[in-house]
2 protein chains.
Amino acid sequence: METCKVDTALEILMGKWKHRILFELTKNDVMRFNELKRAIPGITQKMLTAQLRELEHHDIVIRKVYAQIPPKVEYSMTEYGKSLHPLLDAMHEWGSKHAIHLKELEANESLKEHNA
Amino acid sequence: METCKVDTALEILMGKWKHRILFELTKNDVMRFNELKRAIPGITQKMLTAQLRELEHHDIVIRKVYAQIPPKVEYSMTEYGKSLHPLLDAMHEWGSKHAIHLKELEANESLKEHNA
DNA sequence: CCGCATCCCCTGCGATACTG
DNA sequence: CAGTATCGCAGGGGATGCGG
């Protein structure tokens, strides 16, 4: 195998909010629209809808509509989407360690500036 | 731990070419500028430079300059950057499987269109 | 409650040309 | 060989308002 398939994985995560949505859906198995919106500070309705649609289109997330008033829509990960869990966990773990590393870097840089 | 650190990991990979660069640098331990450029079809000099600079700034990649004419610059991953290897592998592996899943999805959709 | 439509801005990226 | 400098555009994404 020669070609790089990392981008194929990244395509799924691409977009400013997709990973946050997935992160929430790994913590809570099933969530309603506004529940997600509240859980993700800063996201707009437009973006939440758009990103969810893309995830749905990629068969990562499933959308369940209850025909009632007021409307009720539930989102959850598909069985296939759940195959992303280990990956998300790994990224989360690496990210946590990197956050620490970042602080060290910043500390060093402010030292340099201080000495300059 | 409550906050999502997946984005911290994604920040490293963000940008159209970063993952490709890292992918090459996992295959070949150390590469020269033009060697990378040749290995990554479609990338421009500007982008290659920019992305390398960011990776360098994040302490993922190291840049070694030889003071000679013609110039010679070598890029390689830092020890710290190598901690990304397992993650990149995992993404590559998931991506490979997903590429197959994608074909099934497309097949289903063309079926739907055909029946419509 | 859930979502679509519209407008607009900003930046990521490409193309191209120039230097030590 | 290994970069910088400049220009320009497409589209991702924010703000806002309407609709079932």
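Every chain is numbered from 1, with letters handed out A, B, ... down the list of sequences.
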Specify the separation, in whole Å, of atom CZ of B:R53 and atom C1' of C:dG12. 18 Å
Starting from the first five and the last five pairs of the helix from C:dC1-D:dG20 to C:dG20-D:dC1, work out the angle between the resulting helix axes, to 10 degrees. 50°
Where at least one partner belongs to residues 35-54 of chain A, residue pairs that pass salt bridge (charged side-chain N to carboxylate O under 4.0 Å, His left out), sequence neighbours excluded: A:K18-A:E54
Point-to-point distance, once rounded to the nearest 0.5 Å, from CG of A:L36 to CD of A:E24: 7.0 Å
Identify each donor-acceptor pair in which a side-chain atom of residues 59-72 of chain B lies under 3.5 Å from a protein atom, sequence neighbours left out, and give them as a table.
{"unit_1": "B:D59", "atom_1": "OD2", "unit_2": "A:H101", "atom_2": "NE2", "d": "2.9"}
{"unit_1": "B:R63", "atom_1": "NE", "unit_2": "B:Y75", "atom_2": "OH", "d": "3.2"}
{"unit_1": "B:Y66", "atom_1": "OH", "unit_2": "B:E74", "atom_2": "OE1", "d": "2.9"}

When you get a sec, tell me which of C:dC1, C:dG3, D:dG3 is the closest nucleotide to the side chain of A:N34? C:dC1
If you take any heavy atom closer than 4.0 Å to DNA chain C, which residues from residues 58-67 of chain B end up in contact? none
Enumerate the residue pairs fulfilling salt bridge (charged side-chain N to carboxylate O under 4.0 Å, His left out) with a member in residues 77-87 of chain B, sequence neighbours excluded, ordered by first and then second residue. B:E79-B:K82
Using atom NZ of A:K37 as one end and atom C1' of D:dG14 as the other, report the distance to the nearest whole Å. 12 Å
So which heavy atom on A:L87 is nearest to which on B:A90, and how close? CD1-CB, 3.6 Å
Options D:dG3, C:dC2, C:dC4, nucleotide nearest the side-chain atoms of B:Y75: D:dG3
Whole-Å distance separating the NE2 atom of B:H19 from the P atom of C:dG12: 17 Å
Which heavy atom of B:P41 sits nearest a heavy atom of B:A39, and at what distance? CD-O, 3.3 Å
B:M31 CE to D:dC1 C1': how many Å, rounded? 15 Å
How many whole angstroms separate atom CD1 of B:I69 from atom C1' of D:dG3? 13 Å
Walk along nucleotides 13-20 of chain C from 5' to 3' and tag each nucleotide B, S or - by protein heavy-atom contact under 4.0 Å, base first, then sugar-phosphate. BBB----B
Among C:dC2, D:dA2, C:dC4, which nucleotide sits nearest the side chain of B:R32? D:dA2
Apply side-chain contact (heavy atoms from CB on, under 4.5 Å) to residues A:T26 and A:L84 and explain how you reach the verdict. CA-CA 10 Å; A:T26 55; A:L84 269 173; over 6 Å; no
Where do A:Q51 and A:W17 come nearest, in terms of heavy atoms and distance? NE2-N, 3.0 Å
How far apart are the closest heavy atoms of B:M31 and B:N28, and which atoms are they? CG-CB, 3.6 Å
What's the CD-P distance between B:E35 and D:dC1, to the nearest Å? 12 Å
note: A:I21, atom CD1; C:dC2, atom C1'; distance rounded to Å ~ 15 Å
What residue among A:T8, A:V6, A:I12 forms side-chain contact (heavy atoms from CB on, under 4.5 Å) with B:W94? A:I12
Shortest non-hydrogen contact from B:T3 to A:H92? O-CE1, 3.1 Å
Rounded to the Å, how far apart are B:K72 NZ and D:dG3 P? 13 Å
